[in-house]
2 protein chains.
Amino acid sequence: MFKIKDHTMGRRKDHSREELTELAIDAGRTLVIEKGPAALTARNVARAIGYTPGTLYNLFESIDGLIAAINIRSMETFARTIREVMRRETSTSAQLRGIARAYLDFHQESPHLWSLLFASPLDYHSEAYREAIHGIFDQVLEATEPLSADPDTARRKAKVLWSTLHGICLLQDSSKLNVGQQDPPETLVNEFLNQFLRI
Amino acid sequence: MFKIKDHTMGRRKDHSREELTELAIDAGRTLVIEKGPAALTARNVARAIGYTPGTLYNLFESIDGLIAAINIRSMETFARTIREVMRRETSTSAQLRGIARAYLDFHQESPHLWSLLFASPLDYHSEAYREAIHGIFDQVLEATEPLSADPDTARRKAKVLWSTLHGICLLQDSSKLNVGQQDPPETLVNEFLNQFLRI
DNA sequence: AATAAATATTGAACAATGTTCAAATACTAT
DNA sequence: ATAGTATTTGAACATTGTTCAATATTTATT
């Protein structure tokens, strides 16, 4: 016999709260990867995990909370990638070029995830979010330190590098009909780094 | 006697099509300036000009069309500003610093307009939009030309400069809780330009 | 001047969004 | 067993963008 439920259901406990949160983040991530940030709706995510929108609001305080969770995951992955770069490369220039390379790879391989993280205004900003940002930025800072005497300059240099990477990828996306000729992001990043690494 | 209209109204012709378009753009612009991009809704704009949403769809093919029109106006204003800079300054470095200054001013004085233009993904892209972009970018290109031998390098340099300005302002906005210390955009742009202008 | 055609405007509707919440259910501790 | 707590739902609400038949007005034609 099949259970036909013609009224509201109560607790199912198919998954723990933590498992459910994981499921939601994964489903949301997949939606973003496959159909872009616009497909990340409460109903789409809920359908993907076999629950209703209301359940999501038991896990996240709002849809922005889910976005933040997905972004944090992206940042953690990226932080691991550049940690690897920092360990592999010994020279400052190789480290910085490696970080830039990793950034461009992320943008190219997961454009929608990149877009959700860097090209969609979000004012959620939990403590976990702040930490995830630091997980990345502190390493960039570490890499720019040898380039300058005082730490203030190092921080400024790190921010400039980071800003330029952002900007170049944004420009790339916004110019489907391009300004003049098509310059691949790598070319622009190279142009920048050649100057940036010149003492 | 007051005309009470209890059914659908027809043509009023209070304004010409062109006047109405102007009214809509102006009202939309004001809404964005005062309440941010999120306030730019069809109903808000319609109410502000004393019409209904349907009328807007007679003027623009979609809400993105209205956004594009507002952005084009922002770009035209900015193009005029840097044209003034280009005329006033004679040295390359002064021109580039002037352009950067103007960009930061725009970001600081009209953060919401800046956000609508540069920080909100939009895939409208009419011919008029392309032209407005060129009205700005061609001048940046003109300014970077003396910095490099071949035109390809000049174009790349212009794009790098432009990307960095974008990125720095984005970073500024996204970091209400800041990464490390607060670095004013001017400081970062200076850090960048000092390196950029070094031959 | 009368009539026809074109245009402008509306209100009402549609689908989709985020979000809330009482009701109902199932699990947990007593 | 019973009471209490946590979870899940469905239905609702307000807001989006957008469409469109109906209507009113202006313009063109006869």
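Order of the sequence lines fixes the chain letters, A, B, ..., with proteins taken first and strands second; residue numbering starts at 1 for each chain.
- Residue contacts shown for B/Leu20 are limited to sugar-phosphate atoms, with no base heavy atom under 4.0 Å away.
- Map B/Ile63 and A/Tyr51 each onto its nearest nucleotide of DNA chain D; the residue landing nearer the 5' end is A/Tyr51.
- Considering all non-hydrogen atoms of both residues, A/Met75 and A/Ala132 come closest at CE-CB, 3.8 Å.
- We find that NZ of B/Lys35 is positioned 13 Å from P of D/dT15, with the value rounded to whole Å.
- Under 4.0 angstrom from either OP1 or OP2 of C/dA8 there lies at least one side-chain N or O belonging to B/Arg17.
- Each of D/dT18, D/dT9, D/dA12 was ranked by its minimum atom distance to the side chain of A/Arg43; first place goes to D/dA12.
- Nucleic acid contact class of A/Thr41 (heavy atoms, under 4.0 Å, all strands): sugar-phosphate only.
- When distances run from any side-chain atom of A/Ala42 to the nucleotides D/dT8, C/dT9, C/dT19, the shortest one goes to C/dT19.
- At least one side-chain nitrogen or oxygen of A/Thr55 sits closer than 4.0 Å to the OP1 or OP2 atom of D/dT9.
- Between B/Phe118 and B/Trp162, the ring planes are perpendicular. Angles over 60° get that label, and only those under 30° would be called parallel.
- Counting only N and O atoms by type, the side chains of B/Thr164 and A/Ser163 include no donor and acceptor under 3.5 Å apart.
- Across the interface with DNA chain C, nearest-nucleotide mapping of A/Gly54 and A/Arg47 shows A/Arg47 to be the residue nearer the 5′ end.
- Taking the six-membered ring where the residue is Trp, the centroids of B/Phe60 and B/Tyr124 are separated by 6.0 Å or more.
- Atoms CD1 (B/Ile49) and C1' (C/dT9) sit 12 Å apart, rounded to a whole Å.
- We find that CG of A/Leu56 is positioned 11 Å from P of C/dT19, with the value rounded to whole Å.
- Distance B/His15 NE2 to D/dT26 P: 14 Å, rounded to the nearest Å.
- Note: OH (A/Tyr57) to P (D/dA12) measures 19 Å, nearest angstrom.
- Checked against C/dG11, D/dT9, D/dT18, the side chain of A/Thr52 finds its nearest nucleotide in D/dT9.
- The number of heavy-atom neighbours closer than 6.0 Å to CG of A/Asn194, taken from other residues, nucleotides and ligands shown, is above 12.
- Using a 4.0 Å heavy-atom distance criterion, A/Leu40 is classed as a sugar-phosphate-only contact.
- Here C/dT10 presents its C1' atom at 14 Å from CG of B/Leu59, a figure rounded to the nearest Å.
- Across the protein-nucleic acid pair, B/Asn58 atom CG and C/dT10 atom P stand 10 Å apart, rounded to whole Å.
- Across the protein-nucleic acid pair, B/Leu122 atom CG and D/dG17 atom C1' stand 15 Å apart, rounded to whole Å.
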